[in-house]
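In what follows, a single structure is set out as C-alpha cells and then discussed.
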Amino acid sequence: MTGLSVHKDIETILLTEEQIRKRVMEIGEKVSEHYQGKDLHLVCVLRGAVVFLADLMRHITIPCSCDFIAIASYGADTKSSGVVRILKDLDDSVQGRHILIVEDIVDTGLTLNYILRLIRSRNPASVRVCALLDKPERRVVPVEIDYLGFTIPNRFVVGYGLDFGQRYRNLPFIGVLRPEIYGGA
Ligand code: 5GP
C-alpha cells in the first residue's frame, strides 16, 4: 500500500494502517511489561495523540488511568512558532504517580520539553515519554523518547490523529500532505 495515494490531498502513504497497528501493539506490550506492579497514569497530549492513546491503551494489560493536556502548537500552519503555552491543564494531580506522556509526533522537541518540565515540577514518582513519530532532523531541544513508534523523514504528515487545519485526523494511515495544500510547493 505504501507509495499509493488513496486520498486526493495525500502525496504518499508513509505508514499503513497495518504497520501502525502492529507497532502500537508492540509498544503496548512493552509498556505493560515495564510498569508491571505499578499504577500507570497516561498523559495524552491533545488533540493529535488521541487516536494513538485510544489504540495504545487497549494494548496495555496492567491497571492504568489517563488524563489530557492541551498545548498551543502549529494552529493552521505547518511551522512551529516556538511559542508553547497551556490551553488545557491536567484535571488530576501527578504527584507520586508513574506518568507516561503520550505524544503524536516529536518535531523541534519544544512541546515535549515544555510538558516534561511542567510535569517534573509537580513531583511525580517517574516520567517517561511515548511518541508515535519522531522527526529528528528538526530537533531544537534534545528530548529522550522512551517508547517510539517510527522515525520519519522531515515531511509534513497527517492522519491517525495528526491534522492540518483540524482536518485529516480521521485518516487511518499516516501520509505526506501534498505541499500545494499548505502552500509549501
Ligand atoms: P514540536 O514542539 O516538537 O516542534 O512539535 C510538536 C507538535 O507539532 C506535535 O504534537 C504536532 O501537533 C505538531 N507537528 C509537528 N510535526 C508535524 C507534522 O508533520 N504533521 C502534523 N500534523 N503536526 C506536526
List the residues meeting side-chain hydrogen bond (donor to acceptor under 3.5 Å, both in side chains) with [X], not counting sequence neighbours, and say none if there are none.
X	result
Ser93	none
Asn154	none
Arg155	Glu11

Non-hydrogen atoms of [X] and [Y] that approach each other most closely:
X	Y	value
Val94	Ile119	CG2-O, 4.0 Å
Phe164	Ile181	CE2-O, 3.9 Å
Ser32	Ile60	OG-CA, 3.3 Å
Ile62	Val31	CD1-O, 4.5 Å
Gly159	Ile174	O-CG1, 3.9 Å

Taking the side chain as everything from C-beta on, heavy atoms only, tell me whether [X] gets closer than 4.5 Å to [Y].
X	Y	answer
Pro136	Thr151	yes
Leu171	Ile10	yes
Arg169	Leu162	no
Ile86	Leu118	yes

Side-chain heavy atoms under 4.5 angstrom apart, residues restricted to Ile, Leu, Val, Met, Phe, Trp, Tyr: same cluster for Leu133 and Met25?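 Unlinked, Leu133 and Met25 end up in two clusters.
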To the closest 0.5 Å, what do you measure between [atom1] ([X]) and [atom2] ([Y])?
X	Y	atom1	atom2	answer
Arg167	Asp163	CZ	CG	11.0 Å
Asn113	Thr108	CG	OG1	9.0 Å
Cys130	Asp104	SG	CG	11.0 Å
Leu112	Leu116	CG	CG	4.5 Å

Could you walk me through whether Glu33 and Lys30 pass the salt bridge (charged side-chain N to carboxylate O under 4.0 Å, His left out) test, one step at a time? CA-CA 5 Å; Glu33 239 172 69; Lys30 240 194 255 172; over 6 Å; no
With Arg139, which residues qualify under side chain to side chain contact (heavy atoms under 4.5 Å, CB included), at least two apart? Val106, Asp134, Val143, Ile145
With sequence neighbours excluded, residues passing side chain to side chain contact (heavy atoms under 4.5 Å, CB included) with Glu144: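 Counting only residues at least two positions away or on another chain, Glu144 forms a side chain to side chain contact (heavy atoms under 4.5 Å, CB included) with Asp146.
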Please tabulate, for the side chains in residues 48-58, all donor-acceptor contacts under 3.5 angstrom to protein atoms that are two or more places apart in sequence or on a different chain.
residue : atom : partner : partner atom : Å
Asp55   : OD1  : Arg58   : NH2          : 2.9
Asp55   : OD2  : Tyr160  : OH           : 2.6
Arg58   : NE   : Ala54   : O            : 2.9
Arg58   : NH2  : Ala54   : O            : 3.4

Apply the test side chain to side chain contact (heavy atoms under 4.5 Å, CB included) to residues Val157 and Ile152: give CA-CA distance (whole Å), side-chain angles for both, the deciding distance (0.1 Å), then the verdict. CA-CA 9 Å; Val157 293; Ile152 62 164; 3.9 Å; yes
Taking it one step at a time, do Val102 and Val45 satisfy side chain to side chain contact (heavy atoms under 4.5 Å, CB included)? CA-CA 6 Å; Val102 179; Val45 185; over 6 Å; no
Working for side chain to side chain contact (heavy atoms under 4.5 Å, CB included), residues Lys135 and Ile105: CA-CA 7 Å; Lys135 270 204 296 204; Ile105 183 166; 3.9 Å; yes
Qualifying salt bridge (Lys or Arg N to Asp or Glu O under 4.0 Å) pairs, either residue in residues 116-127, two or more places apart: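 Salt bridge (Lys or Arg N to Asp or Glu O under 4.0 Å) check on residues 116-127 returns Asp89-Arg122.
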May I ask you to check whether His7 and Phe173 place their ring centres under 6.0 Å from each other? no
I would like to know whether Leu46 and Lys88 meet side chain to side chain contact (heavy atoms under 4.5 Å, CB included); could you show each step before the answer? CA-CA 9 Å; Leu46 292 172; Lys88 183 221 166 284; 4.0 Å; yes
Using the test salt bridge (charged side-chain N to carboxylate O under 4.0 Å, His left out), find all partners of Glu26 that sit at least two apart in sequence or belong to another chain. Lys22, Arg23
Between Asp107 and Arg138, does a salt bridge (charged side-chain N to carboxylate O under 4.0 Å, His left out) hold up when you go through it step by step? CA-CA 6 Å; Asp107 189 12; Arg138 299 215 332 137; 2.7 Å; yes
With a cut-off of 6.0 Å (strictly less than), are more than 12 heavy atoms of other residues, nucleotides or ligands near CZ of Arg47?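 Incorrect, the count does not exceed 12.
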So, using ring pair (Phe, Tyr, Trp, His ring centres under 6.0 Å) as the criterion, who are the partners of Tyr35 when residues are at least two apart?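 Residues passing ring pair (Phe, Tyr, Trp, His ring centres under 6.0 Å) with Tyr35: none at all.
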Under the ring pair (Phe, Tyr, Trp, His ring centres under 6.0 Å) definition, can you give me all pairs with a residue in residues 87-116, not counting sequence neighbours? none
Write out all pairs satisfying ring pair (Phe, Tyr, Trp, His ring centres under 6.0 Å) with one or both partners inside residues 116-150, taking only residues at least two apart or from two chains. His34-Tyr147
Just list the side-chain donor-acceptor pairs under 3.5 Å for residues 63-71, sequence neighbours left out, or say none.
residue : atom : partner : partner atom : Å
Ser65   : OG   : His41   : ND1          : 2.6
Ser65   : OG   : Arg97   : NH2          : 3.4
Asp67   : OD1  : Asp91   : N            : 3.3
Asp67   : OD2  : Asp91   : N            : 2.8
Asp67   : OD2  : Asp92   : N            : 2.8

